[in-house]
Structure formats: C-alpha cells, structure tokens
Student: 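I'd like to ask some things about the structure below.
Below, chain A is the first sequence line, B the second, and so on; all start at residue 1. For the numbers below, each heavy atom of this structure counts, side chains included, while hydrogens, waters and symmetry mates do not.
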Amino acid sequence: MSRIWLVILASGAGTYAMRASFLAVAHRMATVPPGLTRLLRQIPPAALAAIVLPALVRPEGHLDLLQPQLFAGAVAALVAWRTRNVGVTLLVGMGLLAGLQAI
Amino acid sequence: MPSLTEARAGAAAIAPMLLGVVPFGLVAGAAPVSQGFDGWSAVGLSTIVFAGASQLAIVDVLARGGSALVAVLAALAINLRMVLYSASLAPFLAHVPTRRRLVAAYLLNDQDYALSVSRWAGDDRTDGRLSFYMGAAVLIWAAWLASTVAGVLVGSAVPERVPLDFAVPLVFLVLLVPVLVDRPALMAAATGGVAAVIAAETGAGSLATIVGAAAGIAAGAVVDARRTEPASP
C-alpha cells in the first residue's frame, strides 16, 4: 500500500475518533453538570471566532489590517447581523472583495 | 423518529453554504492530482478524512517530502476542533440511539455543526434534531464528494477574479453572528478570535484555531460564572 493511503486511513481513523469522542457517550450527557454546560455553551462563539478572525486579519499568513479582506469582512458582518442570510452575506462580501481587488 | 420535513429543512438551510463548499471541494480534488497523486487518493481523502483543510495539509506535507507521521499529525491538529463540536452537540443528541450518533459523527463538519447548534439552542423539542442535522450533513457530504471528483477531472477551473476562497470565512461569519446573544458569548468570541490571531502570529501553525478556541471558552465561562443566574442549557 502506498504511503498516501496509509496517511489517509490513519488521518481518517483519528479524525473519526475525534468526531465521535463525545457523541459516542452522549447518552450519559442527558443531564450535564452546570459547570460543564457553562463550558459547552462557549464553544460555538469561541470556535467560530477563532476560525473567522484570523482569516480576516491575516489572509496572506501574516497580520495585516490594511487589506480588502478585512474591510469586506467587516461589511459582511454588518450584513450578516442585519439579514441573517448566508446567500446575501456571501454575495455582498465576495462582490465587495472582488471590486476592491480590481481597483 | 426520522422526520422528512426536518431533514428537508436542514438541507435547505445549508444549501446556500454550498457556495463556499463546492469551490473548496474542487481544490480538494485538484490539489492531490497537481502534486502527482492519483485521483483515487483525492476521493479517498474526501470520503475517509472528509475535512477540507486537513486534506490539503496532507497533500502539502507529502508533496514537500514530509513523512507520513508528520502528515497525519498535521491533519489531526487541524481537526482537533471536531472534539469541541462533538462535546457541544452531545447533550442535544443524548436521546438518540448510539448507533445513529456514530453515523452522525462520521458526517460532522463545521457548517452542519454551527447550523445545528444555533437551531437547537433554546428549543427543548428533541424530535427531528437528528433529522435536521442529517439532512444538512448528507447534502454537504454529497456536494463535497461531487466537487472533489469534478476537481480531479477538470482541475480547479475557478476564475481567479472571483475570490471564492473568501466564501469560507464569510459562511462562518454568518454562523457566528446569531450565537453572539449575551456577554459570555461576546467575551468567548472576542477572546477566541484575538487569541487565535496571536497564536498564529507566534507560530502555532495549525494549532492556532484550537488554542484560540480554548482561550475563548475559558474567558466566556469565567464571565458566565460571574453572572448571578444559574447556568441553563
């Protein structure tokens, strides 16, 4: 078996184990202690922001606040807040970025 | 009990996000081929690993002559956030039979996670939760595989003028906004974002996301604990 398939199988198994980690024992999580609930509730905002912000402020892999991604992202955040609509936000954000990059 | 209505609702809710998924899938199909791997390995990555950023990291490490172990560790570091998603979803699916949860786990992805968790928060009805999740997940999975195959066959034929890679953060932005409902959530997001940027700037590489998320969770929990009212799910 070639090397890449070994990597695919090992990464697939490891990733599945991480995906299944808590879902596999969820039947024991019907009642979660308040302290844990408090931690779990912070996961969506913390994890999503940890993905979004670096993409907006370091699009080329280094911190740069004067670039079109950040401006387009800020406007898109406003649109996302007002409309809660994925399609509209994508169109505005990508349209704005394409326009700024064309200038 | 499976609900077709909820499954359709899940698919409909995630459909606009395919605009961010499909171009990424084309790259996931084209990248291994452009680095000299065969098309089947691209399909293997998209079905067995099924996590875009880690798939690209694997191809990148191997193409630069890195060892298999380094490639696997890079992929797992990027996918570590799945443990957080799994923990976050588990209490919502406690009523679901284990076998179904293990199938749902295979399909767990960023978009479906964020969509499901924001739909289920504050809604005590457990019926149809899994159906909603699966409707969204199956559509993403099918689109991911189809776009990977298209990427293998035609390459990444996306014009450079269209900034499609920007669609990915924009989708997460739309998912982030509705979860910013209170001070702990705002604190978690602000800390998580800033900590991820600092971690990335200081060389944390693919671990930056999980470092940022951990810092954000801790900060949000501290603010949450200071509030007088008891925690509620």
Student: Which region of A/Val57, side chain (C-beta onward) or backbone (N, CA, C, O), has a non-hydrogen atom less than 4.5 Å from a non-hydrogen atom of chain B, or is it both or neither?
Tutor: side chain
Student: What part of A/Val92 gets within 4.5 angstrom of chain B, counting heavy atoms only: side chain, backbone, both, or neither?
Tutor: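 Looking at A/Val92, nothing touches chain B.
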Student: Is the shortest side-chain heavy-atom distance between A/Tyr16 and B/Phe50 below 4.5 Å?
Tutor: no
Student: Identify the two heavy atoms, one from A/Val52 and one from B/Pro169, that lie closest to each other, and give their separation to 0.1 Å.
Tutor: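 In terms of heavy atoms, the two residues are closest at CG2-O, 3.9 Å.
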Student: With rounding to the nearest 0.5 Å, note down the distance linking CG in A/Leu48 to CZ in B/Arg81.
Tutor: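 The CG atom of A/Leu48 sits 10.5 Å away from the CZ atom of B/Arg81.
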Student: Is a donor on one side and an acceptor on the other found under 3.5 Å between the side chain of B/Ser86 and the backbone of A/Arg19?
Tutor: yes
Student: Would you give the length of the straight line joining atom CZ of A/Phe22 to atom CG of B/Leu84, rounded to the nearest 0.5 angstrom?
Tutor: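 So the CZ of A/Phe22 and the CG of B/Leu84 are separated by 8.5 Å.
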Student: Would a 4.5 Å heavy-atom cut-off, applied to side chains only, mark A/Leu23 and B/Leu89 as touching?
Tutor: yes
Student: Sort and list the pairs that fulfil side chain to side chain donor-acceptor pair (under 3.5 Å) and have at least one residue in residues 77-87 of chain A, not counting sequence neighbours.
Tutor: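 Counting only pairs at least two positions apart or across chains, no side chain to side chain donor-acceptor pair (under 3.5 Å) contact touches residues 77-87 of chain A.
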Student: For B/Ala221, check side chain to side chain contact (heavy atoms under 4.5 Å, CB included) against everything at least two apart and list the hits.
Tutor: A/Arg38, A/Leu39, A/Gln42
Student: Should A/Thr15 and B/Tyr106 count as side-chain neighbours, where that means a heavy-atom distance under 4.5 Å?
Tutor: no
Student: Relative to chain B, which segment of A/Val86 carries a heavy atom at a distance below 4.5 Å: side chain, backbone, both, or neither?
Tutor: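 Interface part for A/Val86: both.
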Student: Using non-hydrogen atoms only, which part of A/Leu36 is less than 4.5 Å away from chain B: side chain, backbone, both, or neither?
Tutor: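 Contact with chain B is absent: no heavy atom of A/Leu36 under 4.5 Å.
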Student: Quick check on the interface: out of A/Ala10, A/Ala55, A/Ala24, A/Pro44, who has the most heavy-atom pairs with chain B under 4.5 Å?
Tutor: A/Pro44
Student: Sort out for me which of B/Gly44, B/Gly212, B/Ala215 touches chain A most, counting heavy-atom pairs under 4.5 Å.
Tutor: B/Gly44
Student: Can you tell if the side chain of A/Pro45 reaches within under 4.5 Å of the side chain of B/Leu186, non-hydrogen atoms only?
Tutor: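 Counting from C-beta outward, A/Pro45 and B/Leu186 never come under 4.5 Å.
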Student: In terms of heavy-atom pairs under 4.5 Å, which option from A/Arg58, A/Arg28, A/Met29 contacts chain B the most?
Tutor: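 The answer is A/Arg58.
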